[in-house]
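The structure appears right after this line, and notes come after that.
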Amino acid sequence: MGVFAHAERWHNGQGETEDMNGSGERPKGLILGGTCELALVLASKLIEKGFFPVLTWRDPEGRGKIDASLANFPGHYETIRFNLGDPLSLETLFAKDFCYNFLVDFAQGDYETLIAAADEDRIRAYFSENVAARAILLKRVARGMLRMKRGRLIYVSSSAAERPAPGQGFYAAAKLAAETLYRSCGLELAGKGVTSVILRAGYVQAGRSRAFLEANPEIIRQVPLQRALEAEEVAETILFLLSPAAVGINATILTLDGGLSAGKTGIMKH
Amino acid sequence: MDILKTLREMIMDIMDVDGQTITAETYLVRELGAESIDLLELSVSINHHFHITVKDDDIFLRNFRLFLVEAERRGEAPSSYLGARFPFLPAERIGEILADLEAGPALKIKDLVSYIAFRSKG
């Protein structure tokens with residue numbers, strides 16, 4: 001396939017570059033929550049850069065969505081069924097025995113409710129799925145990367161983690177917990193070649209955000225940039241974070257919200 | 001398969017120590033100064049090389065003292081209580097560790113050998 005002429009040097013956790021043209025095998029990356037729009041935009045860019053994304057889906061509809069989106073790249077990606085809420089699917093995921101060079105984690109469940117109104121069984125299930133299961137997945141992926149002495153762990157979080165709206169308490173709690181897990185991995189393993197970064201995205205023209213922004217156009221006036229980000233921009237940022245130059249960005253949070261969280265809320269005029 | 005020989009090579013690589021000094025009786029923490037990250041690397045390496053699932057808490061005898069306290073609290077004989085929780089360790093080794101605990105972390109290379117041999121049988 002002549003399209004894939006330029007295989008980028010890819011991240012190996014220590015800032016060293018490796019030209020994977022010689023090995024003949026494209027570096028594999030696990031994309032959790034691979035059916036969301038951001039993941040799909042990222043996946044095509046990854047393929048064009050010479051990577052081999054492995055995208056997870058929860059139901060056949062999701063798999064269909066991935067295949068439709070990446071129809072131009074047959075044989076250059078793979079899909080796997082994985083659900084944080086299903087422990088067996090974790091075993092299936094790792095039965096594949098892929099060596100992942102990087103992980104980009106978009107997976108997130110939702111439970112919108114005031115904390116004091118929440119269903120107690122759902123509380124247990126929500127944290128089991130979004131925190132405990134994620135920690136177990138992270139453990140397994142990190143161990144594989146540790147063996148190869150290289151790896152990049154990227155968690156796609158949200159500015160809502162730090163500043164939830166009423167009703168987003170569980171979402172924010174799970175996000176913050178996940179952020180800390182990723183940060184700790186980068187803290188603990190960077191000396192052995194495995195680094196991590198958390199990307200807090202603000203308003204993006206993608207998926208559920210797009211519908212929300214269309215319904216609430218005045219929200220954008222709060223953003224210093226005066227617009228939401230494009231999915232492409234977020235994907236390009238992730239590509240940069242996967243590059244060798246970004247190795248120093250380790251165990252830390254990058255906020256990609258156009259400046260929204262930088263200033264006093266509600267006041268954009270001077 | 002010479003488990004000890006393979007382990008010696010792994011430890012030389014991971015901890016950058018002289019292989020000549022490593023025997024089955026060598027203490028990993030007390031003598032070689034292994035830290036958590038070293039043990040983690042070792043665990044991952046053992047996992048991959050010997051094709052066994054490694055439970056870090058078990059192979060590195062992490063909860064030995066905790067279980068000892070538990071046994072005492074429950075009024076159970078330490079050796080049988082610990083023997084049930086570390087089934088890969090020979091009974092005489094458990095006795096050895098109990099006598100050795102005061103002096104520091106008791107983990108020896110031979111404990112890793114026992115674990116690998118035990119898990120490989122499964």
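A, B, ... follow the sequence lines: proteins, then strands. Residue 1 opens every chain. These values consider heavy atoms only, across backbone and side chains, with no hydrogens, waters or symmetry-generated copies. In this text the structure is predicted, and so the values were computed from the model without any measurement.
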- Item | Heavy-atom side-chain proximity of A:Phe73 to A:Leu70 below 4.5 angstrom |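 Of all side-chain heavy-atom pairs linking A:Leu70 with A:Phe73, at least one is under 4.5 Å.
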- Contacts of type side chain to side chain donor-acceptor pair (under 3.5 Å), residue B:Arg30, not counting sequence neighbours: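 If we apply the side chain to side chain donor-acceptor pair (under 3.5 Å) test to B:Arg30, skipping adjacent residues, the hits are B:Tyr27, B:Asp100.
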- Task: Verify the ring-centre separation between A:Phe170 and A:Phe127: is it less than 6.0 angstrom?
- Result: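 So the answer is yes for these two rings.
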- For this output row, return yes or no: ring centroids of A:Phe102 and A:Phe51 closer than 6.0 angstrom.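 Under 6.0 Å, so yes.
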- Task: Sort and list the pairs that fulfil side chain to side chain donor-acceptor pair (under 3.5 Å) and have at least one residue in residues 128-137 of chain A, not counting sequence neighbours.
- Result: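 Residue pairs with at least one partner in residues 128-137 of chain A: A:Asp105-A:Arg134, A:Gln108-A:Arg134.
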- May I ask you to list the residues in residues 63-71 of chain B that approach chain A closer than 4.5 angstrom, counting heavy atoms only, ordered by number?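 So no residue qualifies.
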- Task: Examine whether an atom of B:Ser43 lies under 4.5 Å from a heavy atom of chain A, and if so say whether it belongs to the side chain, the backbone or both; otherwise answer neither.
- Result: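 Both parts, heavy atoms under 4.5 Å.
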- Message: The criterion is salt bridge (Lys or Arg N to Asp or Glu O under 4.0 Å); which residues satisfy it with B:Asp13, sequence neighbours excluded?
- Response: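 So B:Asp13 forms no salt bridge (Lys or Arg N to Asp or Glu O under 4.0 Å) with any residue.
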